[in-house]
Amino acid sequence: MSCDLIALAAAGVQGLSPYQPGKPVEELERDLGIRNIIKLASNENPLGPSPVALQAARTALADVTRYPDGSGYRLKRKLAGRLGVDESGITLGNGSNDLLEFIARVWLGPGTECIFSAHAFAVYPLVTQAAGARAVVVPAKDWGHDLAAMADAVTDATRVIFIANPNNPTGTWLKETEVRDFLDRIPQRVVVVLDEAYFEYGATEAGYPNGIEFLADYPNLIVTRTFSKAWGLAGLRVGYGISSAAIADLLNRVRQPFNVNSAALAAAEAVLDDTEYLQRSIDVNQSGLAQLADACTQHELNWIPSLGNFLAIDFGREAMPLYEALLREGLIVRPVANYAMPNFLRVSVGLPEENSRFIEALGKVLAA
Ligand SMILES: *Cc1c(COP(=O)(O)O)cnc(C)c1O
């Protein structure tokens with residue numbers, strides 16, 4: 001590309017580095033010529049899709065000559081019923097990532113500020129910078145959000161605050177009382193985004209808040225959730241925001257008319273009835289987290305207690321060589337140096353046998 005076009009790109013885009021996803025299995029197969037690779041790198045549901053969701057998606061494919069329902073009427077109505085909220089406050093996204101983009105588009109731009117924590121989800125700095133806004137990164141406390149410091153960071157230029165509960169890649173979480181005290185301190189002109197991508201896993205923990213319950217008291221709040229994690233539909237891309245109707249109206253102004261495809265709409269609607277699948281996701285995750293934590297104890301490694309479907313493991317030294325050694329053993333995990341956590345690897349919870357393969361490979365590379 002000619003240099004002029006780079007120079008002419010929007011200011012925020014010029015210096016932007018694209019999001020780095022976990023290494024795909026096929027890529028490692030090509031790189032190393034090995035088989036039986038296990039990927040525990042993208043917080044994907046290890047169970048495979050719910051058969052109920054799969055059947056609904058297949059049925060929807062018969063109608064793909066038609067555009068999807070741009071309003072997502074059926075999915076929104078079902079979600080509203082399940083969540084006990086009004087449909088007018090639900091905004092559907094192509095993954096909940098889409099919601100983060102809408103929020104940036106609506107409120108962020110040059111001259112504005114967006115607050116988030118150190119070690120927070122990588123998409124927050126991305127959307128902030130792309131919008132040309134200033135990122136205010138607040139140092140973490142015990143790897144988690146320091147809400148008091150985040151509230152202190154609010155200025156007249158603050159428009160948005162992103163909070164992931166639990167946070168990815170740390171797995172740290174905030175209690176109900178902490179979030180409420182924080183919301184009390186934030187002026188209502190500032191939009192607070194409570195990113196609950198791992199809500200279904202977190203909800204098993206006493207004191208972990210349901211963000212929806214704050215909505216009545218805080219009209220500046222947006223809660224985001226997704227079908228990508230516990231519901232097992234990451235590849236279909238469906239997420240949603242829950243907010244006041246006034247906020248949803250603004251978000252919908254920048255939403256592409258058909259942002260969620262018809263197979264995704266059908267699968268998401270159907271999977272909400274497969275509560276057995278959800279429970280299995282939660283159970284497999286809890287036992288898997290315990291399995292990984294046990295292995296850490298055995299190897300005298302520290303880890304950050306996690307309410308997500310992943311564990312951030314502290315190797316006490318630069319972790320990149322261990323990441324590469326694990327790759328050679330056919331194990332893909334996630335380096336998190338780009339989150340200012342160079343001594344950590346993030347390991348997604350797999351099936352029991354996948355976790356065992358990781359633990360075995362870990363023993364091998366630590367001994368080497
Ligand atoms: C995975 C994740 C998301 C979004 O995923 P989508 O697939 O776009 O719904 C959002 N926030 C956090 C913190 C995540 O880890």
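Here, residue 1 is the first one in the sequence, and each next residue gets the next number. Counting starts at 1 for both ligands and their atoms, following the listed order.
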So, [X] and [Y], do they make that salt bridge, N to O below 4.0 Å?
X      : Y      : value
Asp249 : Arg253 : yes
Arg77  : Glu87  : no
Asp181 : Lys175 : no
Arg105 : Glu101 : no
Arg255 : Asp98  : no

At less than 4.0 angstrom from any non-hydrogen atom of [X], what atoms of ligand 1 do you find?
X      : value
Asn168 : 13 (C), 14 (C), 15 (O)
Arg237 : 6 (P), 7 (O), 8 (O)
Ala197 : 2 (C), 3 (C), 10 (C), 11 (N), 12 (C), 14 (C)

* To do: Flag the pair Leu126 / Leu100 as yes when at least one side-chain heavy-atom distance between them is below 4.5 Å, and no otherwise.
  =>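 A side-chain contact is absent here, since even the closest heavy-atom pair is not under 4.5 Å.
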
How far is [atom] from its nearest protein heavy atom, and which residue and atom name does that atom have?
atom                    : result
atom 9 (O) of ligand 1  : Thr226 OG1, 2.5 Å
atom 2 (C) of ligand 1  : Lys229 NZ, 2.4 Å
atom 15 (O) of ligand 1 : Tyr198 OH, 2.6 Å

Can you tell me if [X] has a non-hydrogen atom under 4.0 Å from ligand 1?
X      : value
Phe227 : no
Ser228 : yes
Asp195 : yes

* Asked: Looking at Phe310 versus Tyr198, is the centre-to-centre ring distance below 6.0 Å?
  ->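 Between Tyr198 and Phe310, which both carry aromatic rings, the centre distance is below 6.0 Å.
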
* Does an N or O anywhere in Ser96 fall below 3.5 Å from an N or O of ligand 1? ->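 Indeed, backbone or side chain, Ser96 has an N or O that close.
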
* Asked: Is Asn94 in polar range of ligand 1, meaning some N or O pair under 3.5 Å apart?
  ->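 No, there is no polar N/O contact under 3.5 Å.
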
* Taking atom CD of Glu276 as the centre, report whether more than 12 heavy atoms of other residues, nucleotides or ligands fall under 6.0 Å from it. =>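 Atom CD in Glu276 is not packed in, count stays at 12 or less.
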
